[in-house]
Structure formats: structure tokens, C-alpha cells
Amino acid sequence: MNERDRKSYLAAVTDRFVRGGMDRREFLRVAGKLGLGATALGMGFGNRPFMLNKAVAQEQLKPSADVMAWLKDVGKPFAGTTLKLATESTPPSNAINSQLKQYFEEATGIKVEIEVLPLEQVLQKLTLDVASSLGTYDLYYIDQSWSASFSKDVFDPREQIEANAELAMPNYNIDDFLPALVDGISKYEDRWVGVPYDIPIFIMIYRKDIYEKLGLKAPTTFEELLNNSATITKEMGPTTFGYAGQMKSGHYALECEWTSMLWGNGGSIFSADKKFVGNDERGIAALDYYTKLKATMPPGVDGWTWDGQGQAVAQGVAASMLSWGEFFPYFDDASQTKVSGLCEAVIPPQPIALRKPSECGYGEIPGVGHQGGSSLAVSRYSKSPHAAWIFMQWATCADTQALITALGGGTGPTRASVYDDPRVVANARVGAGTTRHLPVVRETIAKYMGSEPDLPQWAQISSDTIPVGLGKYFAGNYGSSKEAMDDIGAQIETIVQG
Amino acid sequence: MPIVQVKRIAISDSPWPWLLPLIALLVVFTIYPLIYNIWLSFHEFAPATRGLKFVGFANWVQLWNDTRFWSALGVTFVYFAVALTLEIILGMAIALLLDAELPGFGVLRAVLSMTLVIPPAIAGMMFLLMEDPQFGVLPYLLGQFGLLDKSTPILATSSLALAGVLIAEIWQWTPFMVLIFMAGLRALPVEPYEAASIDGASSFQMFRRLTLPMMSKVIAVAVLLRGIDLFRVFDYVFVMTSGGPGTATYTVSLYAWQQTFSFLKWGYGATLSLTSLIIVMVMANLFIRIAKVRW
């Protein structure tokens with residue numbers, strides 16, 4: 001065989017191997033005959049990292065036969081219906097939209113149109129739909145901060161289960177949803193505003209290699225977090241900084257991070273008698289702590305939301321962050337970042353002090369693991385509420401959640417059983433779509449989760465009053481942290497009193 | 001309708017049959033929304049609950065006492081004045097330069113108009129990256145010339161943020177002024193220039209005494225068109241600063257959008273939009289009278 005033919009043959013064999021048409025042993029045998037051995041094997045692996053994992057996983061990453069059979073059966077009368085959902089770009093929505101809804105559509109004959117929009121536009125569409133009662137959207141994606149506003153415009157899933165027994169998915173098991181998430185995301189007063197659909201939650205993510213190089217340990221307290229971050233910035237700045245924040249003035253991201261700092265320093269937003277107390281002694285200490293931590297961050301942090309923060313870690317600009325766990329699988333993707341396998345996830349640092357929920361107002365739950373998230377619900381104005389209910393059950397059942405998580409979504413499952421699903425556990429290795437951070441996510445939800453207050457004015461307070469005030473403070477427009485917090489407090493009191 | 005009647009309408013001298021479709025469109029898309037907006041400004045309307053309450057002039061009183069609104073109005077005026085002034089000066093200077101038929105200037109003219117096809121939100125994103133203190137080219141260049149510490153977050157610094165946004169605005173829309181001014185320059189008669197040249201007038205004298213007066217109507221139209229646009233600025237601030245830091249770049253449009261769609265205060269949002277409309281109409285009419293713009 002001449003050199004040219006040998007190379008062509010090798011290319012064909014490698015292609016077969018990469019596509020899964022030849023096993024590893026056979027490939028090694030053929031490559032050995034060509035005198036290439038392990039070098040050629042390296043070519044195959046180099047082009048497709050984690051190929052074997054994915055190949056094995058692909059076999060399993062199909063909806064369960066039982067679920068498909070139920071969909072086929074229950075969906076028949078609704079074939080030809082089109083359902084619409086407007087949603088933010090979140091891991092569950094993206095996985096369903098790009099990879100999973102085809103299974104639902106094929107089984108039921110129901111078409112699903114998913115509009116992926118920025119959060120503000122989702123709210124805009126929802127509001128117009130509710131105001132007009134037109135039922136343009138059959139399913140509502142409801143951010144936790146909107147629960148109070150839309151609680152009466154959606155069906156309570158418990159009512160749906162009782163009222164439509166013939167449409168109920170076997171083993172849907174509504175009690176499987178983590179109770180902390182039901183309380184934090186999907187409940188307003190005594191109603192369920194849909195079911196928990198998405199749970200981004202703050203966990204601690206740090207660069208193990210940098211920490212080890214400087215002889216540091218993963219931060220377990222707020223004090224350690226500050227000291228570690230300062231050491232890294234001092235030793236490795238200005239190329240690498242100790243910590244990355246999400247501090248864009250006027251953006252909800254800044255409020256999220258500040259809340260975590262506030263709770264971690266023993267403060268709270270409201271007192272039990274529903275007064276703003278972010279300006280008390282603990283609140284001031286929290287802002288002073290946040291200011292010191294900011295000094296360890298890269299200069300651009302004032303303009304970053306969580307995106308900029310995540311990119312700072314992904315690109316090696318920052319060595320740690322307390323942020324949404326769903327970043328973690330992205331960091332582990334060698335084709336997208338420089339830090340694959342270098343980051344570790346741990347529970348958030350222990351708070352200096354922690355106020356009890358009973359000492360706070362409007363259902364606020366202090367906890368460093370700041371929780372975001374959304375619910376999925378069927379609109380009361382939907383023209384096809386039954387078909388929408390079938391879709392909602394399928395989209396939030398344990399089987400679909402496991403697929404979403406295993407496909408690399410990264411978000412923490414909202415059902416307890418999914419954390420132990422073999423498909424999810426199998427992905428707990430370094431690589432794209434890893435789930436190795438999920439035990440930390442689960443523990444954070446159970447023990448360290450912080451939840452924002454529920455009140456109709458919260459959307460304004462959290463997306464404007466607080467982050468605008470903090471933005472002014474960090475831009476140097478206030479004389480002191482006390483002055484800033486007092487001003488924010490005065491504005492909040494005015495808003496709450498209407 | 002009988003065919004004879006249709007034919008009669010078609011050959012009628014009356015303008016109404018031809019104007020009616022246009023009037024209908026205006027009523028549906030302009031007059032009705034305007035009236036609805038005025039009606040809404042006297043109500044408190046929570047769309048999520050469809051709670052509608054007549055509140056009289058409460059929204060207007062709130063506007064009067066709203067420091068955020070006055071701050072946003074101030075920012076809008078500064079943005080409007082700085083952008084318009086610089087766009088006119090730069091636009092005229094570049095138009096005069098490109099008016100010369102030098103080799104390669106044809107390509108330059110084409111390149112200039114390319115900025116206009118970029119959506120403002122995309123241009124805002126471009127400048128957001130270019131002004132990043134970590135890897136942005138702008139802080140780096142300013143740092144090289146010793147004008148700014150290169151790690152300064154321009155868009156997060158109160159005193160610089162508005163300038164940071166204005167750079168994007170001016171970069172994108174100065175070519176629009178260039179195109180308008182060049183069209184005007186090309187339509188000017190050559191005789192006055194020939195006469196002035198024989199009389200020994202300098203280039204500056206010719207510009208001041210001939211070009212500017214003859215171009216005044218063109219400049220006035222450009223000012224009117226861009227002025228109205230500038231007063232409604234939204235895209236750049238939304239993308240680049242979200243109004244921050246604090247309220248340093250909050251404009252009236254951004255504030256109206258936020259009240260309407262983020263806080264679902266439709267009544268107050270309508271009041272803010274109407275106020276903006278009234279200000280633009282008054283300013284435009286004053287300008288038309290002062291500059292004696294004729295359409």
C-alpha cells in the first residue's frame with residue numbers, strides 16, 4: 001500500500017471509529033497494521049473529546065417507552081393543535097426546543113412553538129396576553145419574581161390533576177418536586193403558580209489549580225473568600241483576579257449578588273414587620289464587605305451581568321465566583337473554555353451570621369445560595385388548556401428532566417428523583433455537559449438556599465431601585481455605604497406603601 | 001356597488017376617494033393609539049389584573065414630582081445637544097472633504113454609508129466590547145496617549161458613561177449627516193464661487209459667506225430629522241449601560257419603557273411617552289419657525 005492509499009485508508013477507518021461504526025479494539029488492530037498504533041488513536045480522541053461517553057449516553061438519552069406510550073394515547077384527541085410558549089433562554093427550554101420536543105410532537109401530533117426571548121420581553125408578552133385575554137400563549141414561563149402578579153392567570157397544577165384525571169400522567173408525582181423550590185419559586189400565598197421548571201442557584205466555583213498553586217483552600221467562610229481573593233489578585237493581577245462579580249448598575253444581576261452578600265453577613269431585606277432593614281448595622285457591614293471584595297475583582301466588573309462574570313472565569317481572568325451553578329458544565333467544556341477540569345464546585349461559604357425567616361418579611365428566606373428560577377404553568381386563557389397540560393406534564397416529568405440534565409443543560413433538576421437518575425449520575429465526569437456539580441447544587445438547595453421576598457412590587461424593587469442605588473454607590477455618587485442604603489431604603493418604603 | 005358608480009368615483013375630481021384609505025390607516029395606526037394613550041394617562045392600569053382606575057391628573061402630578069423623570073430629561077437634553085452639535089460639525093467637515101473629486105473618495109463615501117445599515121443595538125454591542133476595560137481597544141488607545149487609565153471602566157464611571165454611549169451614537173449617525181450635506185453641496189450653483197474666487201476670497205470666507213447660507217435649509221432639515229431621533233434615544237443606552245451607572249445615562253424613552261413594560265405601570269408610562277411627544281412637537285415647531293424650514 002503506498003503512502004497516499006495508506007493515509008486514505010486510515011482516514012476512512014478513523015471516520016468509522018469516530019462515528020461509532022467500529023469498536024476500539026478493532027480500530028487499534030487496523031491502526032497497528034498500518035504502523036500507527038496509539039498515535040492514530042490519539043487523532044480520533046483528539047477530535048472528539050468524551051466521544052465514548054457521548055456514544056454510550058446517546059443510547060440512553062431517549063424518552064422512556066412508557067412516557068412515549070402515554071403521550072401517544074393521551075395526545076390523540078389533540079393532534080393538530082399548536083401550542084405556544086414564550087420563554088427565556090434557559091437550559092430546560094433550550095434542551096426541549098432543540099432536542100426533545102420532536103419526540104413529543106411525533107407521539108401526540110401536537111405542534112409546539114417555543115419563542116426564546118430576553119427576560120424583559122417574556123414579561124412584556126405575558127402581560128399583553130393576560131391583559132387582552134387572547135390566549136396567544138398556552139403556557140407561561142413565570143419568573144419567581146412575577147409569581148404574585150400572575151398567580152390568578154394560571155391553573156394551579158393540583159387543580160389540574162384533580163379536574164382532569166383522564167389526562168394525568170402516571171407517576172407524575174407532584175410531591176417529587178423539591179419542597180424548598182415549590183415554596184421559593186412556585187408558590188404565592190396558598191396557590192401553586194405552576195411547577196418549578198428551572199433552578200439556577202448560587203454555588204461556589206473556584207479554580208482548583210490556582211488555589212493549589214498559591215497554597216489556598218476552598219473558601220468555607222466569607223472571611224476566607226475575601227482573603228483568598230485578595231491574595232490571588234495581589235499575586236497574579238492584573239492578568240488574573242481573585243474573584244469575579246456580576247455588578248452591572250441597574251441590572252437584576254447586581255441585586256442577586258448583593259442579596260447573597262447581605263444574607264451572608266447576617267442581614268435581610270425586610271424585617272418581620274415588613275420594613276426595609278438593608279440599612280441596619282448588618283446591612284451596612286454587608287455593603288462594606290462587598291466593597292472590599294470588589295477591590296479584588298477585574299476593572300470591568302461594573303459592567304457585567306452574570307454573563308460577563310461567567311466569561312471572566314471561563315477565560316481565566318478570574319479564579320472564583322459565587323454564582324449560578326448552571327455555568328459549571330460550560331466551564332468543563334474543553335471546546336468552549338480554557339478551564340475544563342480546572343474548576344471545582346463547593347457549597348457557598350458559611351455566613352458570618354444568618355437571620356431566620358421568621359425575622360424577615362414577605363416570605364424572604366436568608367441564605368448565601370441565592371436562588372433564581374421559574375415555573376411552568378398553563379395559561380387560564382389558553383384555547384387548548386388540555387393539550388397544554390399534557391405538554392406541561394411531559395416537560396416537567398422526571399424522565400424529561402433527566403434527559404434535559406444529561407444533555408448538558410447544567411441546571412439543577414427541580415425533582416428529587418432526577419439527582420439519582422443513572423443517566424444524570426453517569427455524566428458526573430470532567431467534560432462537556434458534566435453533572436459533577438449537582439451534588440453541591442442539591443446540598444445548597446436543601447441547606448443553604450436563599451430566597452427573595454414575594455410581593456407584587458418586588459419586580460420594580462429588585463430590577464431597579466436596589467441595583468440602580470447600588471450602581472450609584474459603586475460609581476461613587478454617595479458619601480458612604482450608610483447614605484446609599486438609607487436612600488435605597490427610603491425609596492423602597494415609598495414603593496411598598498404605594 | 002354598481003359598475004357605473006365605481007367608474008364615476010374613479011373619474012371624479014374629488015380627492016376624498018383617494019384620501020380615504022390613507023385617512024383610515026392614519027386613524028387606526030396613529031390617531032387611535034394617540035387618543036388611547038391620552039386616555040390611559042388619566043388612569044391607573046395594571047394589565048396583569050386588568051385593574052383600571054380613573055385617577056384624574058395624578059399621573060401628571062407624579063411626573064412633576066418625579067426626580068427620576070427630571071434627571072432622565074436632563075440626560076436626554078445633554079445627549080441630544082452634544083450628539084447633534086458634533087454630528088453637524090463632523091458631518092459638514094467630512095462632507096466638504098469628500099466633496100472634492102480625489103481618487104479613492106468614491107470608495108470612502110460608500111464605506112461611510114455602511115455604518116447606517118448596522119442596527120443601533122448591534123452598534124451598541126460593538127462599542128460595549130470596544131470600551132471594555134479588560135480587552136477594549138478604546139481604553140487601551142486612550143491609555144497609550146495618557147488620556148485615561150486604561151483599566152477605567154468607561155461605561156461604569158458616572159462622569160464618562162454618557163460620553164461612552166455618545167461615541168457609538170456619533171460614530172453611527174455622522175455618516176447620515178455627511179450624505180445629506182453632500183447632496184446639498186452638490187446642488188449648489190458654482191457661479192457665486194467663481195465670482196468670489198475672482199474677487200480673491202479665501203476658502204474660509206467662501207464657506208462662511210456662501211456655503212453656509214446656501215446650505216442653511218439643508219442643515220435645518222438634517223437637524224430636524226436627527227433631532228427628533230436623538231430625543232427618542234433608547235437602543236444604545238439599553239444595550240450599553242441600561243441607564244447606569246445609577247441614573248447617569250437614563251433617558252426619557254428608557255424610563256418610559258421601564259415603567260410600562262418592566263413595572264407594568266401603563267398609565268404612568270403613557271404619561272411619560274406623551275410628555276416626550278409634547279416636548280418633541282414643541283421643539284420641532286419652534287425650530288421650523290425659527291429656521292423657516294419649508295417643506
Side-chain angles (χ1 to χ4, degrees), chain A residues 119-121 123-133 146 148-153 237-239 241 247-254 298-305 308 311-312 315 317 456-457 459-461 463-465 467-478 484 491 495 498, chain B residues 44-52 62 65-68 71 121 127-129 131-136 139 143 148-161 164 237-250 254-255 257-266 268-269:
Chain A
L119 193 62
E120 300 88 355
Q121 284 183 32
L123 176 63
Q124 193 174 328
K125 301 243 176 194
L126 227 86
T127 310
L128 290 171
D129 201 51
V130 164
S132 62
S133 307
W146 313 337
S149 302
F150 294 105
S151 63
K152 289 182 180 147
D153 298 299
T239 50
F241 294 81
M247 301 184 71
K248 183 168 182 171
S249 171
H251 197 281
Y252 177 58
L254 176 55
V301 70
D302 303 82
W304 295 347
T305 66
Q311 284 304 326
Q315 301 305 323
V317 175
Q457 297 91 338
Q460 179 175 358
I461 294 169
S463 305
D464 183 68
T465 315
V468 165
L470 290 172
K472 280 168 84 172
Y473 166 74
F474 286 115
N477 293 356
Y478 288 110
Q491 289 180 57
I495 292 168
Chain B
E44 196 176 272
F45 182 43
T49 56
R50 286 168 301 288
L52 182 69
Q62 184 185 341
N65 297 321
D66 186 352
T67 51
R68 280 287 287 278
S71 155
F127 276 86
L128 181 67
L129 296 174
E131 293 177 28
D132 187 281
Q134 207 72 41
F135 51 80
L148 194 76
D149 179 352
K150 67 178 179 185
S151 63
T152 306
I154 295 173
L155 295 171
T157 306
S158 296
S159 54
L160 299 173
V237 282
F238 182 75
V239 168
M240 296 175 76
T241 61
S242 304
T247 51
T249 56
Y250 244 98
L254 185 66
Y255 192 46
W257 171 85
Q258 186 197 45
Q259 291 292 325
T260 310
F261 294 112
S262 289
F263 307 151
L264 310 178
K265 292 181 176 173
W266 283 18
Y268 192 52

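Worth saying up front: this structure is predicted, and the values here are computed from it rather than measured.
In this structure, the side chains of A:Gln460 and B:Gln258 stay at 4.5 Å or more apart for every pair of heavy atoms. The closest side-chain heavy-atom distance from B:Phe135 to A:Gln315 is not below 4.5 Å. Residues B:Asp132 and A:Trp304 form a side-chain contact, since some pair of their non-hydrogen atoms from C-beta on lies under 4.5 Å apart. For the pair A:Asp464/B:Phe263, a side-chain contact is recorded, criterion being any heavy-atom separation below 4.5 Å from C-beta on.
Looking only at heavy-atom pairs under 4.5 Å with chain A, the residue among B:Pro153, B:Pro245, B:Ala161 that has the most is B:Pro245. Chosen from B:Gly244, B:Ser159, B:Ser158, the residue pairing most often with chain A at heavy-atom distances under 4.5 Å is B:Ser158. When A:Pro298, A:Pro238, A:Ser249 are compared by the number of non-hydrogen pairs under 4.5 Å with chain B, A:Ser249 comes out ahead.
In this structure, B:Ser242 contributes its side chain and A:Gly250 its backbone to no donor-acceptor pair below 3.5 Å.
Heavy atoms closer than 4.5 Å to chain A are found in the backbone of B:Thr241, but not in its side chain. Neither the backbone nor the side chain of A:Val301 comes within less than 4.5 Å of any heavy atom in chain B. Proximity to chain B is limited to the side chain of A:Phe241, based on heavy atoms less than 4.5 angstrom apart.
Looking at every heavy atom in both residues, A:Ala459 comes nearest to B:Ser262 through CB-O, 4.4 Å. The heavy-atom pair separating B:Phe261 from A:Leu123 by the smallest distance is O-CD2, 3.5 Å.
Pairs of residues two or more places apart, or lying in two chains, that qualify as salt bridge (charged side-chain N to carboxylate O under 4.0 Å, His left out) and include a residue from residues 124-133 of chain A are A:Glu115-A:Lys125.
Summarising the geometry, atom CG belonging to B:Leu155 is positioned 10.5 Å from atom CG belonging to A:Asp302; distances are rounded to the nearest 0.5 Å.
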